[in-house]
Amino acid sequence: MHKITTKETFKIYNTLSRKKEVFMPIISGHVGMYVCGATVYNDVHLGNCRTFISLDLIVRYFRYLGYKVRYVRNITDVGHLEDETNDSYDKITKKALIERIEPMELAQKYTYYLHSILDKFNALSPNIEPSASGHIIEQIEIIKMLIKKGFAYEIDGSVYLDLNTYIYRYKYGILSRSNIEKTLEGNSRCLKNRRQKRNTKDFSLWKKADDAHIMQWMSPWGRGFPGWHLECTTMSLKYLGDVFDVHAGGIDLKFPHHDCEIAQSISLHGKIPVHYWIHTNLLTLNGEKMSKSIGNTIFPFDILTKFSSDVIRFFILQTHYRKILDFSSKALVSAKIGYNRLIESFLTLEVIFRRNIKVSTSTLNIITWKQKCYDAMNDDFNSPRLIAHLFEAMHCIHSLLEGDEYLTYYDLKLLENTMKSFFLEVLGLKIKIKKQTSKVEELLKFLIEIRSKARKEKNWVISDNIRKDLFKIGYNLLDNENETKVEVI
RNA sequence: GACGCCGUGCCCGAGUUGGUAAAGGGGGAAGUCUGCAAAACUUUUAAUAAUGGUUCAAAUCCGUUCGGCGUCUCCA
């Protein structure tokens, strides 16, 4: 494995301090990382995918540096309110009624779907993927403790976190740096329909369920279901401890979700639960947030027919995770062309190895280049810069092929290993060469032979017709010096 | 209204704890190659939103303006 040699220069942008900070794990060599996963009531869209792909890059790089990562990503299958003014239904229940299936069946269906999509994008599975519905008992225990400590109160079968009590002792909103009073002042929507709560700013830990609510559990406060913010606090506490290294998620979860999590944890044990908060930025469509509720969404299968999952992943990683990324097919086409060139260079490298030219000194400094790759990733996971360095390596390979530059066998191997490991392990991309089924391949070979014969006889009519007709059905013939290559369109 | 973020060439996109010539990709142009075409390779092209200020030095820090976006409702 790779040694953790660069840890003193490895920096992560921490939303809490709004600065890049040198990463120092709680336990040397280990990283505990919690990611807010998806609410499984609908197909994941490309915006969700961007977040999980960005965070996959982060997990991969931790591991690449040699850290042992416990990667926990939850499944929200209960408790996420569709609309707080409507007490009866949460997202899962509502969709289950529409689809006429059991809520659990719905959650299962979309969980499978999420897995299959993320698998396609080569995102690594979490080590633990806990679901909210599987941790009802733990959540009830935490609510009990919060009530006992005086930070929560029960009214008519629902339990709320008492922010006034909390604010008396601690600061609320340290992550978003929002002033809850001022925030509520300017937002009239928040003032409606809060008859149950002592204060509008209090948020629910447990909600009473009426008979129509399918997903409900028995609790000391009657039948109900847990609030959304509680599940992450509960499950991260259970699997990573009361204070852990990294908590990550989409930027839209910063407030109120993550600030509420912090309030819950601090109420519980008095400590800020996380050292490094990482927030990924949004994927926009026509400049606006891609969102299920707004409806401007692109689903993975909408574009997987036009672009491979690798190209989409490459496209996403070409932008830094903290920058807004606007979806456009034009940019995707650019990414596709660049990606293919990069893959070609791996094949060119093989050609250079086969040539086996022996030199005693190198004309290029591969060690310096390798360090630049690390520097890019060490600077808050700067994948666009890493990709730029891979393109530089591609140009080096071309120069080697032309004989303009030379590398010793050792340096050549170093170049290959570094390039491949960053490409495959860190960026999580694949070096895939499209291949035909054997019979199609034989037929193509046969046609190319006929065409080659025609070309030798300068029968351009036959040779051009073969090329034209094959192009029509998706095969592009490329005539090189001695051979004809087939490109699948 | 409160709290934030962003604006880099034709397009995408690094650089934003101030400092050598502002990465990289795509596109355009020219060339090499070539029966033609394509591909590949080489070279080349062009930018810091506007305006003040701080500084020996600003894309980077501060002010103002314009434009875009996010959160405060459920969100990745």
Side-chain angles (χ1 to χ4, degrees), chain A residues 11 15 18-20 35-39 41-42 44-55 76 80-85 90-91 94 173 176-190 192 228 248-257 259 279-284 287-294 314-315 318-320 322-326 328 330-339 341-342 344 348 372 376 379 382-392 394-395 398-399 401-402 404 455 458-460 463-464 467-468 471 476-481 485 487:
Chain A
K11 286 183 178 176
T15 314
R18 302 197 183 168
K19 278 184 192 130
K20 285 180 193 167
V35 168
C36 285
T39 306
Y41 73 108
N42 216 334
V44 281
H45 55 69
L46 211 56
N48 303 117
C49 295
R50 188 210 175 175
T51 296
F52 297 131
I53 288 169
S54 297
L55 296 176
T76 299
H80 213 154
L81 293 176
E82 175 72 15
D83 180 351
E84 273 221 53
T85 57
D90 68 10
K91 279 177 183 290
K94 198 172 176 183
S176 61
R177 296 190 192 178
S178 63
N179 181 327
I180 188 76
E181 304 290 347
K182 277 189 181 174
T183 299
L184 289 177
E185 258 174 47
N187 195 333
S188 55
R189 283 174 303 191
C190 283
K192 292 175 193 162
W228 173 40
I251 198 166
D252 48 350
L253 299 183
K254 193 162 73 175
F255 187 86
H257 184 55
D259 266 326
H279 289 98
T280 60
N281 217 320
L282 302 171
L283 180 71
T284 60
E288 287 203 320
K289 179 180 176 179
M290 194 174 280
S291 161
K292 289 172 200 168
S293 43
I294 298 169
F314 182 76
F315 164 74
Q318 251 185 331
T319 301
H320 189 255
R322 281 192 291 115
K323 286 274 175 93
I324 288 172
L325 171 60
D326 194 53
S328 83
K330 200 175 163 185
L332 256 173
V333 170
S334 305
K336 181 186 177 177
I337 295 166
Y339 178 73
R341 285 181 66 208
L342 213 47
E344 268 305 310
T348 310
K372 283 203 278 184
D379 187 10
N382 199 321
S383 55
R385 233 161 76 201
L386 170 64
I387 289 170
H389 295 317
L390 294 183
F391 277 109
E392 282 166 14
M394 180 187 79
H395 288 296
H398 293 155
S399 302
L401 187 74
E402 295 295 312
D404 295 336
R455 288 180 72 219
K458 295 189 194 279
N459 190 339
W460 311 126
S463 72
D464 286 357
R467 188 172 59 193
K468 234 190 282 171
F471 186 82
N476 198 13
L477 297 189
L478 312 169
D479 295 326
N480 290 330
E481 271 177 75
K485 270 171 56 175
E487 184 194 48

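As a basis for the values below, the full set of heavy atoms in this structure was taken, side chains included, without hydrogen atoms, waters or symmetry mates.
The side chain of A/Arg467 approaches B/rA37 more closely than any other nucleotide in the set B/rA37, B/rG26, B/rA76. Checking B/rC72, B/rA76, B/rC12 against every side-chain atom of A/Leu253, the shortest atom distance belongs to B/rA76. Comparing atom distances between the A/Ser334 side chain and each of B/rA23, B/rU71, B/rG25 picks out B/rG25 as nearest. Side-chain atoms of A/Phe391 lie closest to B/rG24 of the nucleotides B/rA14, B/rG24, B/rA76. With distances taken from any side-chain atom of A/Asn48 to the nucleotides B/rA76, B/rC12, B/rG13, the minimum falls on B/rA76. Here the side chain of A/Glu288 is nearest to one of B/rU16, B/rG70, B/rA14, namely B/rG70. Listed candidates were B/rA23, B/rA14, B/rC69. Nearest to the side chain of A/Arg385 is B/rA14.
Heavy atoms of A/His45 sit under 4.0 angstrom from at least one base atom. Residue-level contact check: A/Leu282 touches the bases, meaning some heavy atom is under 4.0 Å from a base atom. Looking at heavy-atom distances under 4.0 Å, A/Thr348 makes no contact with the nucleic acid at all. Residue A/Asp464 is classed as a base contact, given a heavy-atom separation below 4.0 Å to a base. Residue contacts shown for A/Arg341 are limited to sugar-phosphate atoms, with no base heavy atom under 4.0 Å away. Backbone-only engagement by A/Thr319 is indicated by non-hydrogen atom pairs under 4.0 Å involving sugar-phosphate atoms exclusively. Backbone-only contact: A/Gly37 has heavy atoms under 4.0 Å from sugar-phosphate atoms and none from a base. Within the 4.0 angstrom heavy-atom criterion, no nucleotide atom of any strand lies near A/Lys458. Here A/Gly47 lies in heavy-atom contact (under 4.0 Å) with a base. If you check every strand for non-hydrogen atoms under 4.0 Å, A/Arg50 touches nothing. Among the heavy atoms of the strands, none lies under 4.0 Å from A/Lys19. No contact: A/Ile180 has no heavy atom under 4.0 Å from any strand. Among the atoms of the strands shown, none is found under 4.0 Å from any heavy atom of A/Leu401.
Base pairing of B/rA14 is not made with any nucleotide, judged by Watson-Crick or G-U wobble geometry with both donor-acceptor distances under 3.5 Å. The partner of B/rG9 cannot be assigned: no Watson-Crick or G-U wobble pair with both contacts below 3.5 Å exists in any strand. Pairing partner, B/rA59: none, since no Watson-Crick or wobble contact has both distances short of 3.5 Å. Nucleotide B/rC69: paired with B/rG4 (Watson-Crick or G-U wobble, both distances less than 3.5 Å). In this structure, B/rU20 forms no base pair with any nucleotide, since neither Watson-Crick nor G-U wobble geometry is met with both distances under 3.5 Å. When both pairing distances are held under 3.5 Å, B/rA39 makes no Watson-Crick or G-U pair with any nucleotide shown. Under the Watson-Crick or G-U wobble criterion, with both distances below 3.5 Å, B/rU64 is paired with B/rA50. In a base pair of the Watson-Crick type (N1 to N3 plus N6-O4 or O6-N4) or a G-U wobble (N1-O2 and O6-N3), with each distance short of 3.5 Å, B/rG27 is matched with B/rU45.
One atom, CZ of A/Arg18, and another, P of B/rC6, lie 11 Å apart when rounded to the nearest Å. Between A/Leu325 atom CG and B/rA14 atom C1' there is a gap of 14 Å when expressed in whole angstrom units. A straight line from CZ of A/Arg322 to C1' of B/rC6 spans 12 Å, rounded to a whole angstrom.
The same atom, P, is picked in B/rG25 and in B/rC6; the two are 26 Å apart, to the nearest Å. For the C1' atoms, the distance linking B/rG13 with B/rA30 amounts to 26 Å, nearest Å. Using atom C1' as the reference point in both B/rA14 and B/rG26, the two lie 15 Å apart (nearest Å). Spacing of C1' atoms, B/rU8 relative to B/rG67, comes out at 15 Å, to the nearest Å. A distance of about 12 Å separates the P atoms of B/rC11 and B/rA47, rounded to the whole Å. Comparing B/rA49 with B/rA22, their P atoms are spaced 15 Å from each other, to the whole Å. B/rA46 and B/rA29 have their P atoms separated by 16 Å, with the value rounded to a whole Å. One C1' atom belongs to B/rG18, the other to B/rU55, and the distance between them is 9 Å to the nearest Å.
At a cut-off of 3.5 angstrom, counting only N and O atoms as typed in the model, there is no donor on one side facing an acceptor on the other between the side-chain of A/Asp326 and the base of B/rC12. Contact annotation: side chain of A/Lys323 to base of B/rU16, donor-acceptor pair present below 3.5 Å.
Checking the phosphate oxygens (OP1, OP2) of B/rU42, a side-chain nitrogen or oxygen of A/His395 falls inside 4.0 Å. The side chain of A/Thr39 contributes an N or O atom lying less than 4.0 Å from OP1 or OP2 of B/rA76. At B/rC41, one or more side-chain N or O atoms of A/His398 fall inside 4.0 Å of OP1 or OP2 (strictly under the cut-off). Phosphate contact (OP1/OP2 of B/rA39, side-chain N/O of A/Asn476, threshold under 4.0 Å): absent. Contact between the side-chain N/O atoms of A/Lys289 and the OP1/OP2 oxygens of B/rU71 is found at a separation under 4.0 Å. Applying the 4.0 Å criterion to OP1 and OP2 of B/rA76, one finds that A/His279 has every side-chain N and O outside that range.
A/His320 contributes atom NE2, which lies 6.5 Å from atom OG of A/Ser383 (distance to the nearest 0.5 angstrom). Atom OG of residue A/Ser176 and atom CG of residue A/Leu253 lie 12.5 Å apart, to the nearest 0.5 angstrom. In this structure, NE2 on A/His398 lies 6.5 Å from CZ on A/Arg341, to the nearest 0.5 angstrom.
Taking for each of A/Asn179 and A/Lys330 the nucleotide of RNA chain B with the nearest heavy atom, the 5'-most of the two is the partner of A/Asn179. Residue order along RNA chain B, read from the 5' end via each residue's closest nucleotide, puts A/Val333 first among A/Val333 and A/Phe255.
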Between A/Arg177 and A/Arg18, does a side chain to side chain contact (heavy atoms under 4.5 Å, CB included) hold up when you go through it step by step?
CA-CA 11 Å; A/Arg177 296 190 192 178; A/Arg18 302 197 183 168; 3.4 Å; yes
Chi angles and distances behind the side chain to side chain donor-acceptor pair (under 3.5 Å) call for A/His395, A/Glu392:
CA-CA 5 Å; A/His395 288 296; A/Glu392 282 166 14; over 6 Å; no
Do A/Lys11 and A/Asp379 pass the salt bridge (charged side-chain N to carboxylate O under 4.0 Å, His left out) test, and can you show the C-alpha distance, the side-chain angles, and the key distance before you say yes or no?
CA-CA 5 Å; A/Lys11 286 183 178 176; A/Asp379 187 10; over 6 Å; no
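With sequence neighbours excluded, the residues satisfying side chain to side chain donor-acceptor pair (under 3.5 Å) with A/His279 are A/Thr15, A/His258. Residues passing the salt bridge (charged side-chain N to carboxylate O under 4.0 Å, His left out) test with A/Asp326: none are found, sequence neighbours excluded.
The backbone N or O of A/Ile251 sits nowhere less than 3.5 Å from a side-chain atom of A/Asn281 that would complete a donor-acceptor pair.
In this pair, A/Phe314 and A/Phe391 present their aromatic rings perpendicular. The plane angle is above 60°, beyond the 30 to 60° band.
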